[in-house]
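Computed from a predicted structure; not experimentally measured.
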Amino acid sequence: MKCPFCSSEDLKVNDSRDAMEGKATRRRRECLACQRRFTTFETLELTIQVQKRDGRYEDFQQQKLIRGLEAACSHTKISREQVILIATKITDEIMQKQLREVTTKEIGEMVMAELRVLDSIAYIRFACVYRRFKEIDELLEAIESVCEGLQGSNPKKSLEEVKDGT
C-alpha cells in the first residue's frame with residue numbers, strides 16, 4: 001500500500017478495529033515520510049457471479065446494490081445507515097448460500113422483501129425499476145398489493161380513497 005498523499009510505501013498502522021458489524025477492518029495509518037494520516041477499510045472480496053437478464057455475467061458488487069437501494073430510498077424514512085445494513089444483510093445471505101452465481105432476479109426479490117417491510121414508497125420505486133413496468137396497470141397492481149398488506153382491506157377501495165383524497 002502507498003500513501004495517498006506522497007506515494008511512499010513507508011507506512012505505520014496506528015489503530016485497527018472492526019467496522020460494519022465485524023465485516024470489515026478499519027485501520028488508521030500514518031505515512032512515515034510525510035507524517036500525514038489516513039484511514040483504510042479492508043473487506044472480504046466476493047467471488048460470486050451475477051447472471052444478468054440478458055445472460056451476461058459480472059462480479060457481484062455490494063456497492064451497486066447500495067446505489068440501487070439509495071435511489072429507491074431517497075427522500076424516505078430509510079437512512080443511509082439502514083441502506084448499508086440492508087445491503088450487508090443481503091450480501092451475507094448470498095454468501096451463506098455458498099453459491100458461485102446468483103441471478104439478478106434472486107437479488108431483486110431479496111431487496112423487495114426488505115423494502116416491503118420498511119417503506120412502501122421505497123418498495124414501489126424499486127419495483128418500478130426492477131420489474132420494468134410497461135403499463136400503468138402493472139404499477140397499480142403493485143400499489144394495490146402494498147395497500148392490501150398495509151390495511152388488510154380491499155386494496156381497490158384504498159386506491160379509490162387515495163384518488164378522491166379521502
Side-chain angles (χ1 to χ4, degrees), residues 16-27 39-166:
S16 291
R17 56 181 75 178
D18 286 342
M20 293 173 43
E21 298 182 353
K23 307 265 187 281
T25 302
R26 176 187 179 273
R27 299 193 195 281
T39 302
T40 60
F41 286 89
E42 297 173 17
T43 59
L44 179 65
E45 189 172 315
L46 291 176
T47 56
I48 296 172
Q49 293 287 298
V50 177
Q51 184 179 16
K52 307 294 274 181
R53 291 177 199 228
D54 65 3
R56 288 181 300 115
Y57 285 88
E58 63 180 48
D59 290 339
F60 176 83
Q61 297 174 33
Q62 186 176 10
Q63 198 57 42
K64 284 182 88 170
L65 183 57
I66 290 170
R67 282 194 306 269
L69 282 162
E70 284 176 331
C73 297
S74 175
H75 303 293
T76 68
K77 65 182 179 184
I78 299 175
S79 68
R80 171 133 170 82
E81 290 77 26
Q82 287 175 297
V83 165
I84 292 169
L85 287 174
I86 293 168
T88 301
K89 181 180 178 183
I90 291 170
T91 302
D92 289 348
E93 287 178 31
I94 291 169
M95 288 179 63
Q96 286 174 0
K97 290 180 182 179
Q98 297 182 349
L99 300 172
R100 295 186 65 155
E101 64 183 56
V102 65
T103 65
T104 54
K105 180 178 181 177
E106 292 170 303
I107 296 171
E109 293 299 327
M110 294 168 85
V111 170
M112 289 184 58
E114 293 293 324
L115 292 179
R116 186 177 191 115
V117 174
L118 288 175
D119 188 278
S120 56
I121 298 297
Y123 171 83
I124 293 296
R125 285 180 181 166
F126 189 84
C128 286
V129 175
Y130 166 66
R131 292 205 174 135
R132 296 183 178 179
F133 296 145
K134 302 240 186 297
E135 301 292 329
I136 193 74
D137 290 342
E138 294 172 300
L139 175 60
L140 289 173
E141 190 176 304
I143 293 170
E144 288 170 358
S145 76
V146 170
C147 290
E148 186 176 70
L150 289 174
Q151 298 177 357
S153 64
N154 181 349
K156 290 192 187 276
K157 183 177 181 196
S158 298
L159 272 178
E160 289 169 8
E161 290 173 358
V162 169
K163 288 177 189 175
D164 294 339
T166 58

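To the nearest 0.5 Å, the span separating CD on E70 from CD1 on I78 amounts to 11.5 Å. We find the CG-OG1 distance between L118 and T76 to be 9.0 Å, quoted to the nearest 0.5 Å. Distance CD1/I84 to OG/S79: 8.5 Å, rounded to 0.5 Å. Rounding to the nearest 0.5 Å places CD of E141 at 12.5 Å from CD1 of I136.
Side chain to side chain, S16 and R27 meet the donor-acceptor criterion of an N or O pair below 3.5 Å.
In this structure the side chain of R125 reaches within 4.5 angstrom of the side chain of S74, judged on heavy atoms. Residues T25 and F41 are not in side-chain contact: their nearest non-hydrogen atoms beyond the backbone lie 4.5 Å or more apart. R100 is not listed as a side-chain neighbour of I48, based on a closest heavy-atom distance of 4.5 Å or more. Residues Q49 and E58 are not in side-chain contact: their nearest non-hydrogen atoms beyond the backbone lie 4.5 Å or more apart. Using a 4.5 Å cut-off on side-chain heavy atoms (C-beta onward), R26 and T39 make contact. At least one side-chain heavy atom of L65 sits less than 4.5 Å from a side-chain heavy atom of T91. Inter-residue side-chain proximity for I90 and Q62 is flagged as unmet; no heavy-atom pair is nearer than 4.5 Å. Side-chain contact between V117 and Y123 is absent, with no heavy atoms from C-beta onward closer than 4.5 Å.
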Does D54 form a salt bridge (Lys or Arg N to Asp or Glu O under 4.0 Å) with R56? I'd like the steps, not just the answer.
CA-CA 6 Å; D54 65 3; R56 288 181 300 115; 2.8 Å; yes
Between V50 and Y57, is a side chain to side chain contact (heavy atoms under 4.5 Å, CB included) present by the stated rule, with each step listed?
CA-CA 5 Å; V50 177; Y57 285 88; over 6 Å; no
Evaluate salt bridge (Lys or Arg N to Asp or Glu O under 4.0 Å) for E106 paired with K97, printing each intermediate quantity in order.
CA-CA 12 Å; E106 292 170 303; K97 290 180 182 179; 5.2 Å; no
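The side-chain contact (heavy atoms from CB on, under 4.5 Å) check on K89 picks up E93, E114, with sequence neighbours excluded. By the side-chain contact (heavy atoms from CB on, under 4.5 Å) test, D137 pairs with L140, sequence neighbours left out.
The shortest non-hydrogen separation linking K77 to Q82 is O-OE1, 3.6 Å. Scanning all heavy atoms of the two residues, the minimum distance from E135 to E138 falls at N-OE1, 2.8 Å. When all heavy atoms of A72 and L115 are compared, the pair lying nearest together is CB-CD1, 4.3 Å. Between I86 and L69, the closest heavy-atom pair is CG2-CD1, 3.8 Å.
Considering I107, T103, V102 as possible partners of K105, the one that fulfils the side chain to side chain contact (heavy atoms under 4.5 Å, CB included) test is T103.
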